[in-house]
Each structure stands twice: as C-alpha cells, then as structure tokens.
Amino acid sequence: MVNNFEQLKKRILELKREKNAVILAHYYTTPDVQAVADFLGDSLALSIKAQSVEADTLLFAGVHFMAETAKVLCPRKHVLIPCLEAGCSLADSCKAADLAALKKQYPDHLVVSYVNTTVEVKALTDICCTSSNALKVIESIPKEQPVIFAPDRNLGGYIKRLTGRDNMILWDGACHVHEDFSLDKLRAMKAKHPDAKVVAHPECKRELVEEADYVGATSGILKFCGTDPCKEFLVVTESGIISEMTRLYPDKRFIPALPHNSNCCCNECNYMKMITLENICACLEKGEPEVEIDEDIRHKAERSILNMIAIK
Ligand code: 13P
Ligand code: SF4
C-alpha cells in the first residue's frame, strides 16, 4: 500500500502508462490531484478535451456530471471516476422528472441547461452551456424564442440581466458553495485591500457579482488575473483555483473570499475534494468505478452537448 505523496504520484504515473490512461482534472480539485493531471481546465475546456484524447482510458478528476459528460462524448472509452459520491448540489437541484413536467407546461420553450446536470437532464435539453459560454449560447437563440434556463438561478439571472431577455424561465437551483459567499465579509476584505480587484464566478448571488471587477468562468477568471496589471485579487469562487493562479502568476497575490461560516478560511466544494491521490491510484489499479450510460439517453444528451460545443 503506497501512502505518501511522492510514492502515490510515482505509482499513478506508472499506472497511467500501463493502462494507457489520461487524467483530466478540474481547477477545484486539490493541488495534489492537479499535480498528476494531464489536462487541467474548466468544465467547457474539459468536455472539449475529452473528445480529442487518444488514450483508451480517461480518468476524470472532478465531479460526477463532468465524468458523465466525457462518457457521453467518448462512448467507446473507459471513463473512470475515482469516487462515485463526488456529486454536485447544483446538478442535484434539477431532477429530470421535474424538468420534463416544466417542459410539458411550456412546450414552446427551448431548454438551455448548464453542464452541471445529470445525463438524464441533458437528454431533455436542447442546448447545454457552461459558465464560459452561457452568454453566447443564449445570444445564439432568436430573441423572440422563449427559453427555460436550468438549473442555476444565479447564472441564469446574470445572463438575463446581460441580455435584457425577459422570456427566460429560470430554474430555482443553486450551488451550495457559490451561494454561501458572504457580502459583508467581501466588503470588509475590500476595505482592507483597497487596491485589490474582485473576480467572481456567475454562480454567486447577484449582490456578490455586483461587487466584482470581473465576472466569469474559472478559465476566464484565470485569464483576467493574468492580463490585468493589478497585483492583488479577491477571489469569489471555489478556492481550489488559487493553486493554479499562484502557479501561473507567482508575483501576484490571491485572497480567497469567505463563506458565511466564520470558522472557514476559504470556501471549498466538498464534492471536488472527495477526489484524492489514494482513490485515483485505486481507481486506475482496478479500472473502476467506470461511468456507464444507457445508449438511448447518451445519444439524446450528446445532441445537446454537441449543440453547445458548436457554439463554444
Ligand atoms: P466552470 O464551468 O467554471 O468550470 O465551473 C464548474 C463548476 O462546477 C462551478 O461551480
Ligand atoms: Fe457543483 Fe458547486 Fe461543487 Fe461546482 S462548486 S461542482 S457547482 S457543488
């Protein structure tokens, strides 16, 4: 049983070669996990990358809906997820049966769903989106076409404000991590760091987003922090992204924004942190858990994801 970081890392590298496997990781995973990844990205970049990976096995170091998306796009590959419990509160907030009922109520509406959804929800969706392309996806739809936007009410509300569209029905879902940032604490941090710029993910509540100098997906936030001359940033998204920020821009300072709970020094996604070097190693050794999807559902979900990728 290998148990320290260097040994685990070495074993994972051997297993990747042995099994012809590639590891895709999201920015919200721990720095240790990010260190063994072949590709690191946000949810859009990872979906696109999954399509072009040549390896037989794809291990997804991220949450379940991300691995499912990769399986939808690469049905012939073995798509592994090291921990089946690594879910997502946002995906949980939208059940396929409830979305089907809403669609029945509004049959003339087009359904746009965030990728943070189950494959069954994607199968009921016309076009998927991620936080990095949601605006483009909505702008690609004629203004007079009504839309159901699921499941994130904060991202949906943000896009609604940007586009001025009032024919968008917003699903009442949210991410427990992004909803929990404290406005009072952010304001106090701004007072303490008057030269810092605020960067925020659009899954945050409106009042937090309105404090931000830049609002965008994780990849957009990373890019902004690199191109903006400012040296200090208050980061209003999951704190896992800070390791990549520090790696890319070592001369800049990144301060995580705080959740309401006063005991925490940052805001972490408990699901993303379920992915560890130990379970990655075990998953590669055993070749399981593997993501399996019913072919009919996969086929329907693929259409909505490909519609998204075509828009980018
Ligand atoms: P990104 O689309 O920015 O990768 O976000 C994914 C996510 O889970 C946000 O909470
Ligand atoms: Fe889901 Fe929120 Fe975690 Fe992202 S941060 S995976 S939206 S629970």
Side-chain angles (χ1 to χ4, degrees), residues 24-30 33-34 37 39-50 60-70 81-94 112-118 121-122 127-137 149-156 158-159 171-181 199-205 208-209 212 214-225 235-245 256-257 259 264 266-275 305 308-309 311-312:
L24 303 185
H26 192 271
Y27 293 123
Y28 294 166
T29 53
T30 64
V33 168
Q34 294 185 22
F39 303 101
L40 190 60
D42 70 357
S43 51
L44 177 61
L46 292 173
S47 312
I48 295 171
K49 190 74 215 174
F60 218 101
V63 294
H64 195 265
F65 75 80
M66 295 179 174
E68 245 180 14
T69 306
I81 176 144
C83 175
L84 284 172
E85 284 76 44
C88 167
S89 53
L90 187 49
D92 286 347
S93 68
C94 185
V112 175
S113 297
Y114 198 21
V115 281
N116 298 45
T117 46
T118 62
V121 165
K122 289 186 179 78
I127 317 177
C128 279
C129 72
T130 74
S131 43
S132 50
N133 65 10
L135 182 61
K136 268 196 187 164
V137 168
F149 187 94
D152 190 17
R153 59 174 175 255
N154 293 323
L155 175 63
Y158 175 64
I159 299 297
W171 193 268
D172 193 18
C175 155
H176 71 297
V177 179
H178 286 89
E179 276 252 309
D180 197 31
F181 284 106
V199 290
H201 198 283
E203 283 175 25
C204 298
K205 284 184 181 161
L208 274 297
V209 162
Y214 175 82
V215 180
T218 42
S219 54
I221 290 177
L222 278 170
K223 207 164 158 195
F224 177 82
C225 294
V235 182
V236 198
T237 188
E238 211 273 355
S239 55
I241 195 176
I242 289 181
S243 61
E244 182 65 358
M245 290 173 154
C264 302
C266 62
N267 204 359
E268 292 190 335
C269 173
N270 50 317
Y271 297 114
M272 287 283 186
K273 305 315 184 221
M274 287 179 182
I275 308 298
I305 301 170
M308 166 185 86
I309 291 176
I311 297 167
K312 287 232 169 79

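Counting starts at 1 for both ligands and their atoms, following the listed order.
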Let me see the working for Tyr28 and Thr237 under side chain to side chain donor-acceptor pair (under 3.5 Å), right down to the final yes or no.
CA-CA 9 Å; Tyr28 294 166; Thr237 188; 2.8 Å; yes
Listed protein N/O/S atoms, distance to atom 1 (Fe) of ligand 2 under 2.8 Å
Cys88 SG
Any donor-acceptor pair under 3.5 Å linking the side-chain atoms of His201 with those of Asn154?
no
Numbering as shown, the atoms of ligand 1 that approach His178 to under 4.0 Å (heavy-atom distance):
10 (O)
Closer than 3.5 angstrom, by distance alone: can the side chain of Asn133 be matched with the main-chain N or O of Thr130 as a donor-acceptor pair?
yes
Could you check whether any heavy atom of Glu203 sits closer than 4.0 Å to an atom of ligand 2, since that is the contact criterion I want to use?
yes
I'd like to know whether ligand 1 has Ser131 as a neighbour, heavy-atom separation below 4.0 Å.
yes
Within the 4.0 Å heavy-atom shell around Ala217, which atoms of ligand 1 are there?
3 (O)
Just to check, does His26 reach to within less than 4.0 Å of ligand 1 when the distance is taken from its heavy atoms?
yes
Can you name the atoms of ligand 1, numbered from 1 with element, that are less than 4.0 Å from a heavy atom of Glu203?
7 (C), 9 (C), 10 (O)
Is there a heavy atom of Glu238 sitting under 4.0 angstrom from any atom of ligand 1?
no
Pull out every atom of ligand 1 sitting under 4.0 Å from any heavy atom of Thr218, numbered as shown with elements.
1 (P), 3 (O), 4 (O)
Any side-chain heavy-atom pair from Asp152 and Asn116 closer than 4.5 angstrom?
no
Does any non-hydrogen side-chain atom of Met66 lie less than 4.5 Å from one of Thr69?
no
Check: Ser43 N/O within less than 3.5 Å of ligand 1 N/O
yes
Could you tell me whether Tyr28 approaches ligand 1 through its side chain, its backbone, both or neither, with non-hydrogen atoms closer than 4.0 Å?
side chain
Check whether the ring centres of His26 and Tyr271 lie less than 6.0 Å apart, and answer yes or no.
no
Sequence-distant partners of Lys273, salt bridge (Lys or Arg N to Asp or Glu O under 4.0 Å), two or more places apart
Glu238
Using a 4.0 Å cutoff against the non-hydrogen atoms of Asn116, which atoms of ligand 1 qualify?
7 (C), 8 (O)
So for ligand 1, is Asp42 a polar contact partner (N or O within less than 3.5 Å, distance only)?
no
Can you give me the closest heavy-atom contact between Ser93 and Gly173, atom names plus distance?
OG-CA, 3.4 Å
To check you understand the geometry: which heavy-atom pair defines the closest contact between Ala61 and Val33, and what is its length?
CB-CG1, 3.7 Å
Counting only N and O atoms by type, is there a donor-acceptor contact under 3.5 Å from the side chain of Gln34 to the main-chain atoms of Tyr27?
yes
Verify, without hydrogens or angle tests, whether Trp171 (side chain) and Gly156 (backbone) share a donor-acceptor contact under 3.5 angstrom.
no
Please state which protein non-hydrogen atom is closest to atom 5 (O) of ligand 1 and give its distance, to 0.1 Å?
His201 NE2, 3.5 Å
Calculate, to the nearest 0.5 Å, the distance between atoms CZ and CG belonging to Phe39 and Leu46 respectively.
10.0 Å
